[in-house]
Structures are given as C-alpha cells and as structure tokens.
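Single-structure report; data block below.
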2 protein chains.
Amino acid sequence: MHDLTLEDIARMAGVSPSTVSRVLNNLVGTRSKAREQVLKVLAETGFQPNAAARSLASQRSQVIGLLIPAPASTILHNPAVLQLAEVVTQACHERNYLLSLFLLGSDTDEQQILPKITRKGFVDGLIVRGADDRASDPLLHRLSDSGMPFVSFGRPIDLDTISYVATDNATAAYTAIAHLLTLGRRRIALLVGSLEPYASQERLTGYRKALTDRGVPVDEQLIAVAGMSDGYGATRRLLRHAPDAIFLPTRMALDVLRVLREANVRVPDNIALIGFEDLPLAQQTDPPLTAVSQPMGAIGKHLVGMLLDIMENGAEPPRRLLFPQELLIRQSCGAMRTS
Amino acid sequence: MHDLTLEDIARMAGVSPSTVSRVLNNLVGTRSKAREQVLKVLAETGFQPNAAARSLASQRSQVIGLLIPAPASTILHNPAVLQLAEVVTQACHERNYLLSLFLLGSDTDEQQILPKITRKGFVDGLIVRGADDRASDPLLHRLSDSGMPFVSFGRPIDLDTISYVATDNATAAYTAIAHLLTLGRRRIALLVGSLEPYASQERLTGYRKALTDRGVPVDEQLIAVAGMSDGYGATRRLLRHAPDAIFLPTRMALDVLRVLREANVRVPDNIALIGFEDLPLAQQTDPPLTAVSQPMGAIGKHLVGMLLDIMENGAEPPRRLLFPQELLIRQSCGAMRTS
DNA sequence: TTGAAAGCGTTACCAT
DNA sequence: ATGGTAACGCTTTCAA
C-alpha cells in the first residue's frame, strides 16, 4: 500500500487533482459541494501533500532557515542564541513559515554544509547570527555569493550591502555607565571577553562617552580583557585598581562574584555590578544581576519581516534596523537598596 | 538569466543530463573524459542541484530532523539540549546527512507544525528528545501515527514499540551515592525538581538501593522536591534535617550553594555535593561540582545510526540502547581533598 | 560508459 | 468553479 497522493484524494472525492490542490491551498472562492467533499476525504485520510513535489512545482518551500555558527564554545556559553532561535521560530510560525535551525560547527561545516543549505528548493531564505567576533565574516560573504535571500542578526562589519537587525550596544553601555555614575560610582571598570568583537568596541565607545560627558576621567587601568574564559584572573587584576563598579559580560558573573567574595568585597555596597546581557543566570546570582536587555521578541519579528520583504522585493537596497536596549535593574548595582 | 539547471550543465559539457547526474552523485565507475568535462563545468559554474527536484525524483532528501519540544522554560534552563543538538548534527554530517533542528514551542506548535515536518519529501527521519516530564508523551504518539521513521532520546514510558537511546539514571545515581558513602557520608539527601519525570524515579531507585545495599537507613526527610525553580527554598528546608551530602540537579547548584553559604555550611567539608548532569555550570561553581556525565558524543552517533537502520530496514522490531553514565570527580564532594 | 525517456507528486495556466 | 495538462528539475531504468 503506497502512500496516498493528491491524485488518490481527487479520485476518492470524485474531483480533479486541480481542485484538491486548490482546497489544500485555500484558493477556492465560494464553498461549493466539491470543496466539502474534498475536505471530507482530506479529514478521513489525514492526507499531507508531498513537500518535495510541492516545492518543485511552486518554487517555494515555505521554510526559512536560521544559521547558527556554533563552535561548541560559543553556543554552549551563550543562551542568547537559544532565545534568538525561539523568537524567530515563533515569528516564522505566525507567518506560516516553518523554521529550520542549522548548526555550523566548524569552518569545514561552512564549506561542506552551507552549499547544501543554500541550494534552491530547500529553504526560501536565511537568517544568520553574525559572528561578531571576527572583523570579516566569511560566512556572510559566502551567503552573498550564494544568491539566497538572507538577513543578519548583528551588524556586518565589512559589507554594507547586507540587510541586518542589530542592537545598539554603544547607547546601552552609555546608559549603564550613566546609571552607575548617578548612583555615585566613579571608578567604573569595563570588563570584556575580547576587544575584537564589534560589540565590544561599541560598548567601549559608550563607556568612554558616558564618563567623559560627566567629566569623569577615563582610567585605562579599569579597562580589562578577560580572554575567552578567564574572568577570574582578569577580575583579580582589576581589583588592584580599586574599582567601585564593574560593567561585565553576564556570562562571567560567577567568576567575578567569586573573586569579590574571596576578597571580601561586598556587592553592591563596596562594588556595583551590571551585566552586558540578560541571561537566565542574571536572576540566579547572589545578588541578582542588574543587566542590559535586548527586546528579543520584537527583534525576531523584524528579522522575519525583513527577510520576507527581501524575498518578495529583492535585496536592494539593503535594510537596516537598530534596536535600543533596556536596563533591567536588580540588586547588584545598589539602586534598590532599602535605606 | 534563470538559474542553471542540470540540463544547462549537460549542454555546456556536451553530455547528457544522465551523465551529469551520475557525476554529481559519484556513480561513475571509471573516470572517463566525459566525467572530467562535467567536473570542469561544475567547478566553473558552482552549480548546485535543486533540492526539491532531487528529493522528488529520488524519494530521499538526505535530511534528518531533530525535534526539540521547547517551552522556553525547558530549553533555556537546559544546556544539555544544546549539546544533544551538537553531537547529533556532527554525527549526521559524518554520514552525509544534513541536520535540521525544529523547535516545538507549544502544544499548538505540535499540532500545527509537526504535520508539516512529517510530510513525505521533507525529512527522511526524525530524532526526538523525549519530554520525560510527562508520563505519556503525545508527541511520540503523533510521530508513531505519522509513519515517519524516528528514534527517541530518552526512554518512552508508555510505548514499547518505540526505538530509543537512553542513559541509565538508576545506575548513575547508585554510583554517585555509593561514592558519597565511601567518603564517609551517611545523611545523604536527594534533591529533585519534580518526582514525575521518569528520570527522577530512576534516580530515586538508585538512591534507595545504594543506601540499602550498605545498610544505611533511608530517611524520607532527606528526599526533597524543589519544584521547577525554587531550589533555594527546598535547600533551606533540607538543611533542617542536617544532611552531610546532597545529590542535586546541577542547574540548581547556584541556589544550593547560596543557601549553604548563608548558613555557613562549607563545601565539601561540612557537606558534599554531586550534580545529576554535567552542565558547563558545573565547572564554574565554587567549588567546581562533581557531576554525573553522559557520553554525549557516543549517544549522538548511536541515535543517528539507529535511525538510519530504521530508515533502511523498518521500525520492527524496536531497537533499544541504554548508556552508562560516568562520575566526574571535581572538588565538591571532598574526594580530592589534599589532606 | 553513455543516452533517451519515463516518472516523482505537486502547482498553475488555459480552457471550459 | 472545475478539469486537463504542461511544467518543475532531477533520478533511474532500460537500451545501446
């Protein structure tokens, strides 16, 4: 017993394949008896059309892909990626697209796997999480060459032909630092994993500007680079320069808190903390971490909206969208001190 | 200028479409000059065959799907899911399949989206992360009905027709508790998020058996249920019964450690800790957490291998595979005390 | 080894 | 509103 095809359904319903196809795609004007009949057979059989045949004939798969460059280190330490996946998935479903996630584990993957993903007839468009830890992202170049419509989450550095949605890290940093200044902090440190990512540069910019605007001198000793994993060492070094606040990557919060505990420095009394991003971890630390947060729901909707726009109207001119971020005040910066 | 098709390539290379197809699929015995010619044109044009057409004609998409039931709460708190995705992706790539990840955010998704995923011509098979927090998983039933080949990661409770790979939580718990007993602990507590998941039941079984086997009485007061998020409260309550060790969900490590710190109970001197699973978090806590670990790499390979086997040879009889787990000894249980 | 041609299961155009 | 039929771009069988 072979699988049912649309023709079988047509026969069973006593109509032509065309009619079944129309019913399946809701393309029938009035509700005729033919339609009713088809609907009945459809329900009885639980028929689902063959996806490949449909894609081939219609030249659309109704699938959008989300590309995630994921050397284990990156993704496992970055729950934000998951959140992106969730909101984009949701946004796609709302617009009647299916979302497929693809993990590109290595550079090899990018060369072997990416071409299979960008093949025509597979997905209709792609959303990419820009690898913002490289000045030039080869992935984006490859995508441009592939001809597949796509948008980037994160600002591409060296290509101004790419459509993207990004968040404004400079302003976010400015806001965070300004908040700390308002709370009376003066020796505010900036801790980053690396200075290379564009995001880090933006934060540094916002950091400097906030201080300068208020006439607080920038002490270069208070700008620390942790490297990918050693938040512990970097914080210890930082402590020698007596900061009274640290603007840090949220994922390093545990390391930082441990150093402070060992040094008997109390949060937020002796030192205030604000995290770059709002990971679940921020709510679990002791004290809970004040953090900068991105409006991920809206970002997801706009990524999908922008992509559909490009799929329909072409990639020219490139679209750009910069989202503001928000400061979520918790206990680590002392703003909620009951005093 | 329309996209190139295989016929175009054939024309350009002066051969028939069949020949191009054969070269594309490495189906040519000897290396003839025709083959060379095609290869040259292929390289020059960067031609990629249309995925839909290929799937339709060959009745295979060379794509495997990984289904992740992901109400935000679950996935965001469960980095283990990411690890699963990574190892399965890797295993698929090694066997020349593409892996697509699908997030099923809600029950609605399962009803709206799942049928699109199980349509013929879309993916060739599915791997599902069994939602082990429900006694009966409707998703697995739906999949069974769909006719799509699939395997589950995690043991299905109420269906013995399903092929799966799982890990042996009972033995793992037994090992962990035995280790604590060896270290001289006697009042060993078991903390779980909920008792419902099958995994919890298995751990409880192993816990009881380990104690009983050594003649240590089971104190029911030392078995605590935290609920999804309140590890803090549960640990405080637990503390009233003076445990000298806790076997806990690793994701609750921060909460537990906070309570202990507040109560001036030192780890591992006064209390030993072992986590259920080996999340990245386990290495970041202070002290680093001894934890039970699953051989994820091997699990990924076997999931894919089992699925391919089913795709080729049918789902009967169901395959089953139970993996042992390993105890990763770090500082939180005192086994490495330098004394 | 290579080519011709018949599908694969839809959609969409053109009639009716 | 419905049916007939030609694509869609590839794989695969059968001959040569």
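Chain naming here is simple, since letters A, B, ... match the order of the sequence lines and numbering starts at 1 in each.
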Report task. Mind running side-chain hydrogen bond (donor to acceptor under 3.5 Å, both in side chains) on A/S21 and A/S18 for me, showing each step along the way? Result -> CA-CA 5 Å; A/S21 175; A/S18 324; over 6 Å; no
Over how many whole Å does the gap from [X] atom [atom1] to [N] atom [atom2] extend?
X	N	atom1	atom2	result
A/R11	C/dG9	CZ	P	12 Å
A/R54	D/dA7	CZ	C1'	17 Å
B/E7	C/dG3	CD	C1'	13 Å
B/L27	D/dT13	CG	C1'	13 Å
B/K116	C/dT10	NZ	C1'	17 Å
B/D3	D/dG9	CG	C1'	12 Å
A/L56	C/dG7	CG	P	17 Å
B/L24	D/dT12	CG	P	12 Å

Reckon [X] has a side-chain N or O less than 4.0 Å from the OP1 or OP2 of [N]?
X	N	value
B/Q59	C/dG9	yes
B/S18	C/dG3	no
B/S16	C/dG3	yes
B/T19	C/dG3	yes
A/N25	C/dT11	yes

Report summary line: In terms of heavy-atom contacts, B/M306 and B/V165 come closest through CE-CG2, 3.8 Å
Report task. For residues B/L101 and B/I68, report the shortest heavy-atom separation together with the two atoms involved. Result ->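 Shortest heavy-atom separation between B/L101 and B/I68 comes out as CD2-CD1, 3.2 Å.
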Requested in this report: With DNA chain C as reference, determine whether B/P17 or A/A57 sits nearer its 5' end, using the nearest nucleotide of each.
Outcome: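 That would be B/P17.
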Query raised in the report: Which of the following nucleotides, D/dG4, D/dC10, C/dT11, is nearest to the side chain of B/L6?
Result: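 Among D/dG4, D/dC10, C/dT11, the one nearest the side chain of B/L6 is D/dC10.
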Query raised in the report: Where the side chain of A/T5 is concerned, which of D/dG3, D/dT12, C/dT10 is the nearest nucleotide?
Result: C/dT10
Query raised in the report: Going by heavy atoms in the side chains, are A/V128 and A/V151 under 4.5 Å from each other?
Result: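 When only atoms from C-beta onward are counted, A/V151 and A/V128 do not touch, as no gap falls below 4.5 Å.
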Requested in this report: Look at all strands and tell whether A/A51 reaches a base, only sugar-phosphate, or nothing, counting heavy atoms closer than 4.0 Å.
Outcome: nothing
Query - Donor-acceptor pair (no angle test) under 3.5 Å: A/S21 side chain, C/dA12 base - result: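 Such a pair does not exist between side chain and base.
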Report task. Assess whether one donor atom and one acceptor atom, taken from the side chain of A/R22 and the base of D/dG3, lie less than 3.5 Å apart. Result -> yes
Query raised in the report: Using 4.0 Å as the upper bound for N to carboxylate O, is an ion pair formed by B/R142 and B/D145?
Result: no
